[in-house]
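Residue indices begin at 1 and follow the sequence shown.
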Amino acid sequence: MSERPDLLKRRTLKLALASAVTTSLGCVTRYSDSQDENLTSSSFNKPFKADWDERFDGPFLGENVWANPMEDWEIKRGQAYCSSKKGCRNVHLLTHSIIQPEQGFITQVVVETDDTPFFKGGAGFNLGLRSEIDEYRSNCFAQGGIKAGIRQNSLFIGSKAVPIAAQRSILLKLVGEKQGNAVKLTLSAYELRTKALIASIEKLESKELVKGNIAIAANTDFEDKPNSEKPEHHAGSRFSFSNWTLEGAGIGYDKRRIFGPIMWAMYTVNCISDGDQAKGDVNRHELNLTAVMAPIGTQDNSQLILAFYQNGKWIESATETIDELSCSASFHIPNWDGSLHTRYKLIYRNIKKSGKNEYDYEGAIKAEPVDRPLRLASLTCQNDYAFPYQPVVDNVLRYDADLLFFSGDQLYEHHGGYGIVRKPEKRAMLNYLRKYYQFGWAFRETMRHTPVVCLPDDHDVLQGNLWGEGGKPMDNLDEDVTASILGGYAEPATVVNAIHRSCVSHLPAPIDDTLGDYGIGTYYTTLNYAGVSFAILADRQWKSAPDVMDIVVGETGQDEEPTYFNPAFDSENLHLLGEKQEAFLTAWAENIPTNMLAAVLSQTVFAGIATHQPRPDRYLKYDFDSSGWPASARNRAVSIMRKAKALHICGDTHLGTLSQYGVQKPRDSNWAFCSPAIAAGWPRWWLPEDAGLPCVERPKHNMPNTGNYRDAFGNDIYVYAVANPDVGESPNRYVKAHEKGSGFGTIEFDVSKQTYTVDAYRFNVDISADSESPRFPGYPVTIYAKENAGENLLN
């Protein structure tokens, strides 16, 4: 039987004896991402030299640089080659930056073009690149800075230029040195073969404008126009860069800033009962771990090793092949001791022209929590205007969760700029991966030692909205270029499967491992951990599309009264979870042991808890993106969850809410916690009174916009807490995210008391500081399991 090509096939790995995996490395250079090493935070006089001439051809330029956009750059013939003629392509140096330019620095690079000999479009250096928070990762996406290089017939620094003869290849050397209270920049151009000086130019700059990231840049003369095919937006040249160096007392160095080739890792530990627990049988566990890798070239090593620290030494225990399309490697360890805290190490032994290099990434598999509540951090939706989301990252680390849940939208189509690439598939995946890498770049320290559930949602598959229709291709994408209105998937099945693999291949095996009618695999499954049974769903993959009912998203129904529930928008034949997922959920709900708590993890809330978007004065009656629609399918899903007495944990809406579903009557079903967005993008408000929706049975806390309502689709919802945002106005990304109602949530599962304690925290706070008010109004809230079946205690 042949192995399935998609992400869902599991292979049991045989644990190898240490003696069987000893490798003779010869001359090895070792690069560690370990948090246990003594790494100097910054130092001076640490020169940089790009090693592209030592690497084989491939799309990854190295662990000490970040390429914008990654899909347009590759190592080719020992050079960093930019294949695009579009504007504003660059490669930022990560480990080095200009921090004291008055102390002096020198950088040089060889630039060549295989197009016109006139360097049309311009190429050279870009320095002084800083965001408003001046953080090296955020600086990689900063615009502006000081441009210095060569363009058609001129050598330039900023707006100052001198004539130069036409060239196809040239050595550029930029020197910064103190002059008074400023920095004098001197750019010189040399003939490549003889090193003879061709031309030179000087310019005085404020030292503050020189500080920041430094990059090499291609087509510096014009801005990028994402997704444009107009000839004038492809008017530059193709450039190659080699022999890039940087040194000087003004340069700061931080080894910890390397990123790759092991980008990060995610894992889960699943408890599998062996026999009858009532008879004292011991539980067994399985470990599933996925490493997200940088893209590899055809001559790179495709093998990744997983090692564990045992009896005072590292034991190399398993080897896996890196999947070429998703750039991930997944390990399945079937007999895992969940009671132990175990260190792991991922080892990648790559081959360079000069020898072998070893890279590693360390973390820990936490012991399963016992005799205390399980702590879960719930996170969703990270728009990159607030990248790298450090206040949330810091607070998640302070919270010290036992399990992390990222419910979707780990990226958006505009992440990092440069638009969407949908074909061919390898280039499309590189386009996706460099956006997905931003997620790991921000949150990898939270995931390094903690189990993770990470679900893909609509933006993760590069769509504005997703009504999956079971995997149906979106054949008419030209009519909906943002994939926001019509049903189906914009990406081909191979790309969707690879995207899913990069997110969920570390989950327990899917319940159904067959491909769908259109070739897309499934990932719905269960995870049992620390006395909690989690059902993990894909709540958009089978969802019906509004256009099958001639609904125009954003327009249909706007002329209706807010209290009118249109029966034409519902049908028993419409789907939310789909028949197979409903059957799975039913079987799960009927087989949860009475001594466990239950929770459903999915992308979004099963109710239309938003009245206004994207402004607080714009009422939108029907949000068909909400999983309150279709109502009949929603009611089927909630009725099944009710049997499990499960808390529903989700995200997506950019509006944090705590609510209780009703099916036959108000408050007869599950509670749902919709997490605040990590960085809210498209804003939503729940302002029912402004919309004219009647309210009954307001909670005892008497906060506005809370109580029993019916949403636009006629679903009963009891809104207990809502985190309505302000309008985001601040030029500072973290203040703006705070204004927009961003943050994250937590849930503590107390199995002994059969309770869930839910909390929601604001973005720009320190959750450990007593002097602050870090919570959104209405929290914390404790809910008993029986309340998820309508036996209500909370009022």
### Task
Begin from the C-alpha positions of Y399 and T446 and carry the test side chain to side chain contact (heavy atoms under 4.5 Å, CB included) through to its verdict.
CA-CA 10 Å; Y399 181 65; T446 71; over 6 Å; no

### Task
I would like to know whether S505 and T290 meet side chain to side chain donor-acceptor pair (under 3.5 Å); could you show each step before the answer?
CA-CA 6 Å; S505 54; T290 291; 2.9 Å; yes

#### Entry: Check against side chain to side chain contact (heavy atoms under 4.5 Å, CB included), L693 and R710
CA-CA 8 Å; L693 299 181; R710 298 185 77 191; over 6 Å; no

### Query
Which is it for H506 and Y267 under the ring pair (Phe, Tyr, Trp, His ring centres under 6.0 Å) test, yes or no, and what are the steps along the way?
CA-CA 5 Å; H506 65 290; Y267 74 87; 8.4 Å; no

### Task
Kindly determine whether H92 and Y136 satisfy ring pair (Phe, Tyr, Trp, His ring centres under 6.0 Å), including the steps that lead there.
CA-CA 10 Å; H92 283 245; Y136 79 100; over 10 Å; no

### Query
Checking side chain to side chain donor-acceptor pair (under 3.5 Å) for the pair S675/T380: CA distance, chi angles, key distance, verdict?
CA-CA 7 Å; S675 305; T380 190; over 6 Å; no

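For Y734, there are no side chain to side chain donor-acceptor pair (under 3.5 Å) partners, not counting sequence neighbours. Every residue two or more places apart in sequence or in another chain that forms a side chain to side chain donor-acceptor pair (under 3.5 Å) with N528 is listed here: S533. With sequence neighbours excluded, the residues satisfying salt bridge (charged side-chain N to carboxylate O under 4.0 Å, His left out) with R733 are E132. R130 is linked by a salt bridge (charged side-chain N to carboxylate O under 4.0 Å, His left out) to D134, E208, counting only residues two or more places apart in sequence or in another chain. Considering only residues two or more places apart in sequence or on other chains, D460 meets the salt bridge (charged side-chain N to carboxylate O under 4.0 Å, His left out) condition with none of them.
Centroid-to-centroid, the aromatic rings of F673 and H648 stay 6.0 Å apart or farther. If you look at F387 and H415, their ring centroids are not closer than 6.0 Å. Taking the ring centroids of F406 and F439, they lie under the 6.0 Å cut-off. Ring to ring, Y412 and H459 are close: their centroids are under 6.0 angstrom apart. Checked against a 6.0 Å centroid threshold, the rings of W686 and Y709 count as neighbours. In this structure, the ring of F749 has its center less than 6.0 angstrom from the ring center of F534.
Ring-plane geometry between H96 and Y253 is classed as tilted, the angle between the planes lying from 30 to 60 degrees on a 0 to 90 degree scale. Ring orientation note: the planes of F259 and W66 are close to parallel, at an angle under 30° on the 30°/60° scale.
No side-chain donor-acceptor contact under 3.5 Å links Y784 to the backbone of K753. Side-chain atoms of S97 do not come within 3.5 Å of backbone N or O of I99 as any donor-acceptor pair. A side-chain donor-acceptor contact under 3.5 Å links N715 to the backbone of G628. Put simply, the side chain of H449 gets close to the backbone of A364: a donor and an acceptor are under 3.5 Å apart.
At a cut-off of 3.5 Å, with distance as the only test, a side-chain donor of H414 or N383 sits close to an acceptor on the other residue. Between the side chains of Q613 and W685, no donor-acceptor pair is found at a separation under 3.5 Å. Judged purely by distance below 3.5 Å, without hydrogens or angles, the side chains of S328 and S502 never pair a donor atom with an acceptor atom. No side-chain donor from either of D409 and Q382 sits under 3.5 Å from a side-chain acceptor of the other. Side-chain contact check for N788 and N670: no donor-acceptor pair (N or O, by modelled atom type) lies under 3.5 Å.
Contact of the N705 side chain with the L687 side chain is registered, since non-hydrogen atoms from C-beta on lie closer than 4.5 Å. Counting heavy atoms from C-beta on, the side chains of L379 and F405 never come closer than 4.5 Å. By the 4.5 Å heavy-atom criterion applied to side chains, E368 and V269 are not counted as neighbours. Side-chain contact check for N395 versus Y761: every heavy-atom pair is 4.5 Å or farther apart. Here the side chains of I609 and S659 are in contact, with some heavy-atom distance below 4.5 Å. Annotation: side chain of K435 is not in contact with side chain of M70 (no heavy-atom distance under 4.5 Å). At a threshold of 4.5 Å between non-hydrogen side-chain atoms, the residues L658 and V781 count as touching. At a threshold of 4.5 Å between non-hydrogen side-chain atoms, the residues W264 and F443 do not count as touching.
Atom CG of L209 and atom CD1 of I98 lie 11.5 Å apart (nearest 0.5 Å). Going from atom OG of S484 over to atom CD of E413 covers 7.0 Å, rounded to the nearest 0.5 Å. If you take CG on D623 and CG on D711, they are separated by 10.5 Å, rounding to the nearest 0.5 Å. Rounded to the nearest 0.5 angstrom, T342 OG1 and I365 CD1 are separated by 7.5 Å. Note that CD of Q603 is 4.5 Å distant from CG of D539, once rounded to the nearest 0.5 Å. I747 contributes atom CD1, which lies 9.5 Å from atom CG of L374 (distance to the nearest 0.5 angstrom).
Using a 4.0 Å cut-off between charged nitrogen and carboxylate oxygen, R375 and D750 do not count as a salt-bridge pair. Here E362 pairs with R343 in a salt bridge; the nearest charged N to carboxylate O distance falls below 4.0 Å. A salt bridge is absent between E739 and K736: the closest approach of a Lys/Arg side-chain nitrogen to an acidic carboxylate oxygen does not fall below 4.0 angstrom. Salt-bridge annotation for D716 and R667: absent, with no side-chain N of the basic residue lying under 4.0 Å from a carboxylate O of the acidic one. E689 has a carboxylate O that lies under 4.0 Å from a charged side-chain N of R698, or vice versa, which qualifies the two as a salt bridge. Under the 4.0 Å criterion applied to side-chain N and carboxylate O atoms, D400 and K366 are assigned as salt-bridge partners. Ionic pairing of D652 and R540 is present here: one or more N-O contacts between side-chain nitrogen and carboxylate oxygen are shorter than 4.0 angstrom.
Between A265 and L346, the closest heavy-atom pair is CB-CD1, 3.7 Å. Between C454 and Y436, the shortest heavy-atom distance links the atoms SG-OH, 4.2 Å. Of all heavy-atom pairs spanning M266 and C503, the tightest one is CE-O, 3.9 Å. Counting all heavy atoms, side chain and backbone alike, S742 lies closest to A679 at OG-CA, 3.5 Å. Looking at every heavy atom in both residues, M703 comes nearest to P777 through SD-CB, 3.7 Å. When all heavy atoms of A607 and S626 are compared, the closest pair comes out as O-OG, 3.1 Å.
Cation-pi check for K345 over Y361 is not met; the charged atom does not lie both under 6.0 angstrom from the ring centroid and within 45 degrees of its normal.
Listed by first and then second residue, the salt bridge (charged side-chain N to carboxylate O under 4.0 Å, His left out) pairs that reach into residues 378-399 are R398-D766, sequence neighbours excluded.
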